[in-house]
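Worksheet: one structure, shown below.
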Amino acid sequence: MSKFTTGLNDEQRRAVLTTEGPLLVLAGAGTGKTRVITHRIAHLLAGGVPARAVLAMTFTNKAAGEMKERIAKLVPHGAGADLTVGTFHAFCVKALRQFGDRVGLRRNFGICDADDQLMAMKQALRELQLTEADMPPRLCLSRVSLLKSRLLGAEGHLESGDQGEVDLGRAYQRYDAALRASGVLDFDDLLVYMVKLLQDRATLAPFRERFRYLCVDEYQDTNGPQYEIVRQIGGEHRNVCVVGDDDQSIYGWRGADVSKILNFERDFPGAAVVRLETNYRSTYEILQGANAVIRHNTSRHEKTLRSAAGNGEAIIVRRLRDENGEAEFVVADMLQRLRDQRVPLGDLAVLFRTAVQPRVFEMQLRRAGIPYNLVGGMSFFDRKEVRDVLSYLKLIANPSDELALLRVINTPPRGVGGTSVEKMLAVAAQHRLPLADVIARGSEFAALPAGAVVGARAFLESLAGLRHLQTGKDLVTLVKQVVQVVGYQEEIKRCYPEQVTRLKRWEAVTEIMNMAEAHGRMGEAATLASFLEDVALNAQDDNDKEEPAEGRLTLMTLHSAKGLEFGEVYLVGMEEGLLPHARSVADGNVEEERRLAYVGITRARRRLTVTYTESRARYGKRATVLPSRFLYEMLGKQTPPDLLHQSAAVAGKLAAVEEEGAVVAAAPPAPARATKPAAAAKKAPAAKKR
DNA sequence: GACTGGGCGCTTTTT
DNA sequence: GCGCCCAGTC
């Protein structure tokens, strides 16, 4: 026995005590997953395992932070200091900084974000003379990312008979070449290069020797390279504990591979399996609804959530006329809960499928004067000013960062327009020189417009002049000087005549200064490079901390709700076409949508309200909509076959439009509709007239 | 080279 | 219905 098992149920205890050999913990929503992981690690340490032998990997910084914090509370002061707890990406960056030269990386490689990726891809497509119509950059990027997340290179596509596929392969190659030339890696590369690194036995051996106990959180979200990293490091001693819930796998579209958790017992023969099914979060009624929905998925580990909390209120289902009515109802209901039931604001959340849905809710909430927090949306780091200033900094840290250079080469305008940049790039390609060198030696090349060269060169030289200010104590000075040297404040004034927007924009710039100041306090270890790395890897988190959690209600997508819980949840837009999303229906991904619905339902502790509408404005047009099949499932009803047909027809049309020209056999024509969508709602208890 | 309007096309977004 | 891209003007 161990003191770390007191207060745990039998299954949790078994998971904590099973320290040797492979272990799969299937942790349903709200079953105390984090508790098990943290107690298990504390138990390992108490049993004499040195902290430095433990490697725990998560997908988010938030999860990593929480894990560290909770372990620290369990073990004697300082005993957890040598644990390696972090995201896969952070772990890989650290390893690659140390050994990256073995796989052809520079020590000071940068990490590029989504925006840089898009720029690189656009550049690649331009070079290949592919128009955006032939090959939309975003789509191309997501396909390349998907390939990387399966550890696939471009080769397979280059030999394809299909021109589109060949183009994709070539774009993949050009894109990668652009990143390499800039000395940066994208997020997928961090994992892919780590796998490459571990392929070398001599490099792998010390990792295996050191990390004798592995733990992976949210294993259902593991992609190809991540799995490979776990398999390589843990493959010999096999002390690999993975924790996750296949029913909450909602990131398939970006490469997460549920089959990894479904096949764990095959991949690690002899694995112990623990199912955590006692839910400490929600009422019996809510879990009934959740179980009833998820039961309809076919490929899953069988699990049924049991409520430890006992009975509560029935799930409330409401049908509304349209999205405005939906928002009105929800906000009015919330107001009533706040006033009459004294429900704290922080206990309330509205969850939705798509980013356009919250708009009407925001309007209503503002009108009602209720403070809310919209999670997601544009992040601080997506703002133009932030991206611009960070690009200057990236250029100072790494003069060959061509992506950063291209972004700000004419910001503020310095006479280096698109045509000039094109010419410079052409010269660079022709002479196989970095863009920065072409600019520096501009006068040697007759083909270049003199004015543009002078402007670009002056810009690069002024940045180079600041390169000496890179240490921790000078980070803030550096940012201030950069902003001053390029004249960014004036640029903001020029672009935004309105005082209010101007101030907001400038605020973002000063916020970077604050971040630099905070980072500088790390002391000697703080450098410009470490600052940029921190920003790249922790961007999302810094966004989160802005939220004054209490005293605001939450609006967020189902995706961002995973892992959270709220006293009272409004799951809105429970309609065919929205949840499940029409696109997913068309692609045959209804099971992942069902998991999304399941995630939504299981966020609620004591009260769940599900709403759907009769009509909804979509792409500016109003259309009649049907209640979601998941609603029927949740209520234990047969989904009308009609509804599925109609939904498939709508989805089919969408797909046909998208694959223009392709002969897509649309679903059979919708039968004469006669379903009464209200039927489901009528049965639902507690539906009250407003 | 820098600024304005018409046209198109749309999920989700841990790092 | 909104934003983003490109094409057209000054």
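Naming convention: chains lettered A, B, ... in sequence-line order (proteins, then strands); numbering from 1 in each chain. Remember, predicted model here, so these are calculated numbers, not experimental data.
Residue-level contact check: A:Glu533 touches neither bases nor backbone, having no heavy atom under 4.0 Å from any strand. Contacts of A:Arg622 with the nucleic acid, taken as non-hydrogen atoms under 4.0 Å apart, are absent. When heavy atoms are screened at a 4.0 angstrom cut-off, A:Phe88 is found touching no nucleic acid atom at all. Among the heavy atoms of the strands lying under 4.0 Å from A:Ser584 is at least one base atom, whether or not backbone atoms are also near.
No side-chain donor-acceptor contact under 3.5 Å links A:Glu228 and A:Gln226. Using modelled atom types, one finds no donor on one side chain facing an acceptor on the other under 3.5 Å when comparing A:Glu326 with A:Thr613. Remark: the A:Gln117 side chain and the A:Tyr175 side chain contain an N/O donor-acceptor pair separated by less than 3.5 Å. Residues A:Glu491 and A:Thr411 bring no donor and acceptor atom of their side chains to less than 3.5 Å of each other. Residues A:His519 and A:Ser530 bring a donor and an acceptor atom of their side chains to less than 3.5 Å of each other.
Taking atom CD of A:Glu66 as the reference point, atom C1' of B:dT14 lies 14 Å away to the nearest angstrom. Straight-line distance from the OH atom of A:Tyr251 to the C1' atom of B:dT12: 8 Å, rounded to whole Å. Between the P atom of B:dT11 and the CG atom of A:Leu139 lies a distance of 12 Å, rounded to the nearest Å. Summarising the geometry, the separation between NE2 on A:His559 and P on B:dT11 is reported as 13 Å, rounded to the nearest angstrom. A:Leu374 places its CG atom 10 Å from the P atom of B:dT13, with the value rounded to the nearest Å. Separating the CG atom of A:Leu596 from the P atom of B:dT12 is a distance of 11 Å, rounded to the nearest angstrom. Note: CD (A:Gln357) to P (B:dT13) measures 11 Å, nearest angstrom. In this entry the distance linking CD of A:Glu592 with P of B:dT13 reads 13 Å, nearest Å.
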Item to check | Nucleotide-resolved protein contact map, nucleotides 1-10 of chain C, B/S/- at heavy-atom distance under 4.0 Å | outcome: BS--SS----
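Both geometric conditions, a ring-centre gap below 5.5 Å and a plane tilt below 30°, are fulfilled for A:His581 over the base of B:dT11. Stacking between A:Trp253 and B:dT12 is present: the aromatic ring centre lies within less than 5.5 angstrom of the base six-membered ring centre, and the two planes differ by under 30 degrees.
Contact annotation: the side chain of A:Met424 approaches that of A:Val453 to within less than 4.5 Å [non-hydrogen atoms, C-beta and beyond]. Side-chain contact between A:Arg300 and A:Glu591 is absent, with no heavy atoms from C-beta onward closer than 4.5 Å. Side-chain atoms of A:Leu26 and A:Ile261, non-hydrogen and from C-beta on, do get closer than 4.5 Å to each other.
Comparing B:dT12, B:dG1, B:dT15 by their closest approach to the side chain of A:Thr557 singles out B:dT12. The side chain of A:Phe187 approaches B:dT15 more closely than any other nucleotide in the set B:dT13, B:dT11, B:dT15. If you check B:dC3, B:dT12, B:dT14 against the side chain of A:Arg494, the one that comes closest is B:dC3. Comparing B:dG1, B:dT11, B:dT13 against the side chain of A:Arg254 picks out B:dT13 as the nearest.
The residues A:Asp257 and A:Arg150 are annotated as not salt-bridged, no charged nitrogen and carboxylate oxygen being separated by less than 4.0 angstrom. A salt bridge does not link A:Arg407 with A:Asp401: every distance from a Lys NZ or Arg NE/NH1/NH2 to an Asp or Glu carboxylate oxygen is 4.0 Å or more.
Taking the syn range as angles within 90° of 0, the glycosidic angle of B:dT12 is outside it, so the base is anti.
For B:dG1, one of the phosphate oxygens OP1 or OP2 lies less than 4.0 angstrom from a side-chain nitrogen or oxygen of A:Ser420.
With sequence neighbours left out, the side-chain hydrogen bond (donor to acceptor under 3.5 Å, both in side chains) criterion links A:Arg367 to no other residue.
With the nearest nucleotide of DNA chain B identified for both A:Lys423 and A:Ser560, A:Lys423 has the one nearer the 5' end.
Heavy-atom distances under 4.0 Å link DNA chain B to A:Asn410, A:Pro413, A:Gly415 of residues 407-415 of chain A, given in residue order.
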